Structures are given as C-alpha cells and as structure tokens.
Amino acid sequence: QRQMCIRDSLYSQCEPIYCREIAPLQDTPAIKSTYTAVIRTPKPLKPFLSAKVVQSYEEENYVVTEFNMNIPIPSYLLAIVVGNLEERSTGPRTAVITEPEMMDLCAKELEDMEEMLTKVEEYVGYPYVWGEYKVVILPPSFPYGGMENPLVTFASPSIIVGDKSQISVAIHEMAHSWTGNLVTNQNWRHFWINEGFTRFLERKGVEAFVGSDYIPLDEAAGYKQLLQDIETFGQNDSYSSLLPNIQFKNPDGYFSIIPYEKGYHLLKNIESIVGDENFQQIFRSWIKENVYKSVTTDDFIKHTKTKVKEMYGRKEAKEIMKQIDFDTWLKIPGAPPVEIQFESPFIDDAKQLAQDYIKLAGKESPENYESFRQYYARAQVIVLDELVANSGSITIDILKKISGDFSDIFSNLRQCEILTRFLRLCIITKFEEKYELLDQYMG
C-alpha cells in the first residue's frame with residue numbers, strides 16, 4: 001500500500017458521499033461549511049488536511065497539529081493524509097508532498113506548477129483564493145488520477161512518469177480550484193458542472209503551457225473514452241446523458257468520463273457559436289458571480305442567456321440561443337448531438353504508423369518509426385489504440401518488432417498510459433516473453 005514500504009500511511013476519499021463516515025455532516029455539495037481540526041500523530045508521521053496549519057506542538061512521542069479551513073467548502077472536499085511525508089516548495093504558492101525517497105523525482109516532474117497555476121488563473125480572470133496549492137503523491141493504492149481537495153490535492157504516483165507527459169492531470173486538479181471548489185454542482189446529477197467546466201479550463205491551461213498542437217490529440221483520446229463509456233452504459237441509458245436520473249442511487253455508479261468529455265464538448269460548442277473572446281467573458285462572469293455557491297444546470301443556462309443578450313441584443317441573442325440545443329445536449333443519452341472533428345496531422349500520422357506495423361507483419365520497421373519518439377505521449381497512445389482496435393491482426397512477431405524498436409519506452413513501468421495498452425496486446429496475442437513485465441507492472 002505504500003510507495004516505498006517504509007511506514008504506515010492513511011488517506012481519505014470523501015467524494016461523492018463518504019464524508020458521513022468521517023464526520024456528522026449533511027453530506028451534500030449543496031451545503032458548504034468551514035471547519036477546524038486537531039490531529040495527533042506519532043512521530044515521525046505528518047498530517048496534511050484540506051485546511052491551513054494554525055500551530056503544531058509536541059506531546060511526548062506525538063505531534064499535535066491544529067488546522068483551520070476558513071473558506072466554506074462542500075463536505076466531499078474534507079480530506080486528510082498522514083504518512084512519512086515531507087514537503088518541498090516549487091514556487092511562491094506551490095509545493096509537492098511525498099515520501100522522502102520519492103521527493104527528487106516528484107519535485108522535478110512537477111517543478112512547473114507555479115507557472116501552470118498562473119496560466120489557469122489568467123484564463124479565469126479571478127484570483128486563486130486558497131493561498132497555497134500543494135500536491136500529495138499518494139501510494140499506488142490510490143484509485144484515481146487525482147482528487148481536488150483544496151490546499152492538498154491528492155494524486156496518483158502514475159502521474160510521475162519522468163517526462164512530464166501527465167501534467168494535464170495536475171492542471172486539471174488546479175482548475176478545480178475554481179470550477180468545483182469555488183463554484184460547485186448543487187447535487188451529483190449536475191456533476192458535469194464540476195467536471196465539464198474543469199476539463200474545459202484544464203485544456204485552456206494546457207494549451208497556454210504546452211501549445212495548441214497538443215489539444216486535438218487530447219480531445220481525440222478523450223472522445224474515444226467518451227464513446228466507450230457511452231457504449232458501456234448503453235446508448236439510451238440515462239447515465240450516458242449529462243443530466244442522469246440518479247435519485248435514490250449512489251452517484252459513484254454514475255461517475256465516468258461522460259460528464260467530463262460530453263460536458264467539455266457542450267462548452268466548446270457554445271464557444272464555437274459565440275466566439276472565443278465572448279465565451280471567455282461568459283466563463284469569467286460565471287465564476288465571479290457564483291463563487292462560494294452551489295449551482296445547477298438551469299443556473300448556467302440562465303447565465304448564458306443573460307450574457308448573450310447583453311453582448312448581442314435581444315433579437316440577435318434569440319437567434320444565437322437557438323443554435324445551442326441545451327435540451328438535446330443535456331437530456332438525451334448517447335453521443336454529442338454535433339459532429340466532433342479533431343484537426344491534427346499527428347492523429348493521421350499516428351494511425352498510419354500503427355497500420356504500417358500491421359502491414360509489415362513484423363518483418364521490418366516502418367520507414368518513419370523513429371517519429372514515434374518525437375510524438376506527444378497522447379499521439380503514442382493513439383498509435384497503440386489503433387493497434388488495439390485491430391488486435392485481430394496483431395501477431396507476436398509484430399509486437400516483438402514494436403517492443404524492440406522502443407524497448408526503453410515499453411520497459412518504463414511509470415508509463416501507465418503506454419504500458420496498459422501494450423500489455424493488453426501482449427495478453428491478447430499470448431506474447432509470453434512479456435509476462436514478466438506484466439507481473440512487474442501489476443505489482
């Protein structure tokens with residue numbers, strides 16, 4: 001359960017409705033509250049909470065730490081982690097927390113957090129109100145990519161790859177500092193208000209930090225996951241809509257990529273209709289007018305209508321709003337109601353490279369196979385997704401050639417996005433030479 005297996009550790013996970021197991025609260029995002037806590041830990045274990053440290057003092061072999069969260073938060077953001085942890089600053093407002101043995105690697109991977117936070121803040125146009133932004137790299141048992149607890153974001157060690165290819169996860173959790181933590185879905189039926197907005201803001205931050213070439217690749221990978229989750233729930237299932245019927249149900253059963261990606265594409269659709277600058281104004285005013293509130297989808301629809309009318313006048317605004325089919329986007333299950341296209345030469349090149357490997361049947365490498373190394377990690381994923389999609393044509397000889405061409409990449413146990421797909425192909429083809437790697441990867 002521990003990254004380095006040195007000492008015991010614990011962490012909480014309250015989202016969506018598990019805070020009631022920790023504290024006697026009305027466990028709903030409709031209610032926000034401040035809190036204080038006093039934590040007593042045996043030396044040398046250290047506690048971190050979604051709250052600021054007020055003071056800390058020793059009592060024999062224990063350390064007592066007092067915490068205070070003075071900004072109202074929903075119950076699902078109450079969080080605690082305790083372990084053999086240390087903290088290292090990466091900027092005036094940012095820091096990494098992890099076990100000492102992991103610190104150099106984690107701090108290097110996340111050294112740009114201050115710049116990332118600034119990029120997201122610039123798009124939102126509303127200040128970061130939480131003071132500090134800290135990321136805790138948790139043990140491998142943490143079952144999520146990240147959890148946006150204010151002041152102490154939890155993150156999986158899978159984001160520490162060595163090449164900064166998973167920084168989008170860090171930026172996503174940062175974006176929650178505004179979309180979700182400040183402006184919160186009123187109940188879990190409106191989960192897309194948290195995650196669709198955060199995905200949108202995440203990609204704006206990534207675009208500003210990495211460049212626009214990356215975004216179509218990320219969109220394409222996300223859209224593929226979206227269609228897979230829709231297929232899993234069913235094309236006509238309420239859970240594949242943005243406003244699912246979850247009455248009397250545990251919202252955990254509804255959580256999927258759908259509110260993230262379908263919500264994102266709804267916002268992108270509105271942006272395409274009103275223009276980038278106008279939509280940024282709508283986005284910024286939405287945050288500014290709703291900070292510390294819990295909101296619903298109807299609140300956003302009303303906000304959009306009001307702002308569009310202010311921008312265009314009553315007559316033109318009416319015509320613009322007709323182009324935004326909120327009812328279909330929100331209530332109808334299945335894929336987004338508009339055609340989604342991703343314009344990037346990397347996508348076609350990545351798919352073609354996969355097809356070339358299949359065509360050559362493992363006898364030789366494609367002429368341009370070295371280009372795989374220059375691809376964004378997302379483009380490498382597209383190559384492997386294309387191979388998985390054509391797994392019936394994949395042979396052990398093909399996998400031997402691919403793994404030989406990129407032995408350094410396919411032997412890096414931290415490359416979770418890559419190895420998950422590659423090892424799936426190894427299982428399908430019964431490529432027994434890689435079973436030892438599979439055993440190491442699965443731990």
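Keep in mind that this is a model prediction, so the values were computed, not measured.
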Strictly distance-based, threshold 3.5 Å: is any side-chain N or O of [X] a donor or acceptor partner for the main-chain N or O of [Y]?
X: Glu109; Y: Val161; result: yes
X: Arg284; Y: Tyr123; result: yes
X: Gln323; Y: Ile273; result: no
X: Ser411; Y: Asp408; result: yes
X: Ser240; Y: Gly334; result: yes
X: Thr328; Y: Asp325; result: no
X: Asp229; Y: Ile257; result: yes
X: Tyr133; Y: Leu151; result: no
X: Ser256; Y: Ile258; result: yes

For the residue pair [Y] / [X], report whether a side-chain donor-acceptor contact shorter than 3.5 Å exists.
X: His176; Y: Thr198; value: yes
X: Ser50; Y: Tyr35; value: yes
X: Tyr239; Y: Thr232; value: no
X: Ser165; Y: Asp163; value: yes
X: Gln352; Y: Asp348; value: no
X: Tyr76; Y: Asp27; value: no
X: Glu339; Y: Gln341; value: yes
X: Asn194; Y: Tyr260; value: no
X: Glu148; Y: His172; value: no
X: Ser294; Y: Thr184; value: no
X: Glu386; Y: Gln355; value: yes
X: Thr41; Y: Tyr62; value: no
X: Thr94; Y: Thr90; value: yes

Output the distance between atom [atom1] ([X]) and atom [atom2] ([Y]), rounded to the nearest 0.5 Å.
X: Phe154; Y: Gln13; atom1: CZ; atom2: CD; value: 8.0 Å
X: Asp349; Y: Asp356; atom1: CG; atom2: CG; value: 10.0 Å
X: Leu423; Y: Phe431; atom1: CG; atom2: CZ; value: 10.5 Å
X: Ile171; Y: Gln166; atom1: CD1; atom2: CD; value: 11.5 Å
X: Ile402; Y: Leu353; atom1: CD1; atom2: CG; value: 8.0 Å
X: Leu399; Y: Leu387; atom1: CG; atom2: CG; value: 7.5 Å

Least distance between heavy atoms, [X] atom then [Y] atom:
X: Ala37; Y: Leu49; result: CB-CD2, 3.6 Å
X: Asn84; Y: Leu45; result: N-CD2, 3.7 Å
X: Cys106; Y: Val96; result: CB-CG1, 3.9 Å
X: Asn185; Y: Phe191; result: OD1-CA, 3.3 Å
X: Lys32; Y: Pro74; result: CG-N, 3.8 Å
X: Val388; Y: Arg421; result: CG2-O, 4.1 Å

Exercise. When you look at Ser156 and Tyr144, which way does the side-chain contact (heavy atoms from CB on, under 4.5 Å) test go after all the steps?
Worked result: CA-CA 6 Å; Ser156 164; Tyr144 306 95; over 6 Å; no
Exercise. Run the side-chain hydrogen bond (donor to acceptor under 3.5 Å, both in side chains) check on Asn250 and Tyr18 step by step: do they pass?
Worked result: CA-CA 10 Å; Asn250 186 333; Tyr18 305 121; 3.2 Å; yes
For this session: Measure from NZ or CZ of Arg203 to the centre of the six-membered ring of Tyr264 and say whether it is under 6.0 Å with the direction within 45° of the ring axis.
Result: yes
Exercise. side-chain contact (heavy atoms from CB on, under 4.5 Å) between Asp218 and Tyr223: does it pass, once the steps are laid out?
Worked result: CA-CA 8 Å; Asp218 197 50; Tyr223 195 72; over 6 Å; no
Exercise. Would you call the rings of Tyr376 and Phe346 parallel, tilted or perpendicular, where under 30° means parallel and over 60° means perpendicular?
Worked result: perpendicular
Exercise. Can you list the steps and then say if Glu195 with Arg199 is a salt bridge (Lys or Arg N to Asp or Glu O under 4.0 Å)?
Worked result: CA-CA 6 Å; Glu195 296 299 349; Arg199 181 69 91 215; over 6 Å; no
Problem set entry | salt bridge (Lys or Arg N to Asp or Glu O under 4.0 Å) between Glu111 and Lys164, intermediate numbers included | CA-CA 10 Å; Glu111 64 185 350; Lys164 301 183 180 180; 2.6 Å; yes
Less than 4.0 Å between a side-chain N and a carboxylate O, is that true for [Y] and [X]?
X: Glu58; Y: Lys43; answer: yes
X: Asp405; Y: Lys400; answer: no
X: Arg88; Y: Asp104; answer: yes
X: Arg378; Y: Glu219; answer: no
X: Lys401; Y: Glu364; answer: no
X: Lys224; Y: Asp385; answer: no

For this session: Compare all side-chain heavy atoms of Ile167 with those of Val210 and state whether any distance is below 4.5 angstrom.
Result: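 Counting from C-beta outward, Ile167 and Val210 do come under 4.5 Å.
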Exercise. Are any of the side-chain heavy atoms of Pro47 and Phe67 separated by less than 4.5 Å?
Worked result: yes
With a cut-off of 6.0 Å (strictly less than), are more than 12 heavy atoms of other residues, nucleotides or ligands near [atom1] of [X]?
X: Lys359; atom1: NZ; result: no
X: Gln26; atom1: CD; result: no
X: Gln374; atom1: CD; result: yes
X: Gln440; atom1: CD; result: yes

Problem set entry | Centroid separation Trp192 to Phe197 less than 6.0 Å | yes
Problem set entry | Centroid-centroid distance, Phe372 to Phe406, less than 6.0 Å |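 Yes: the rings meet the under 6.0 Å criterion.
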For this session: Pick out which of Phe279, Phe300, Tyr126 makes a ring-ring contact (aromatic ring centres under 6.0 Å, His included) with Trp286.
Result: Phe300
Problem set entry | Pair Ser241-Trp329, side-chain contact (heavy atoms from CB on, under 4.5 Å): steps then yes or no | CA-CA 8 Å; Ser241 73; Trp329 271 102; over 6 Å; no
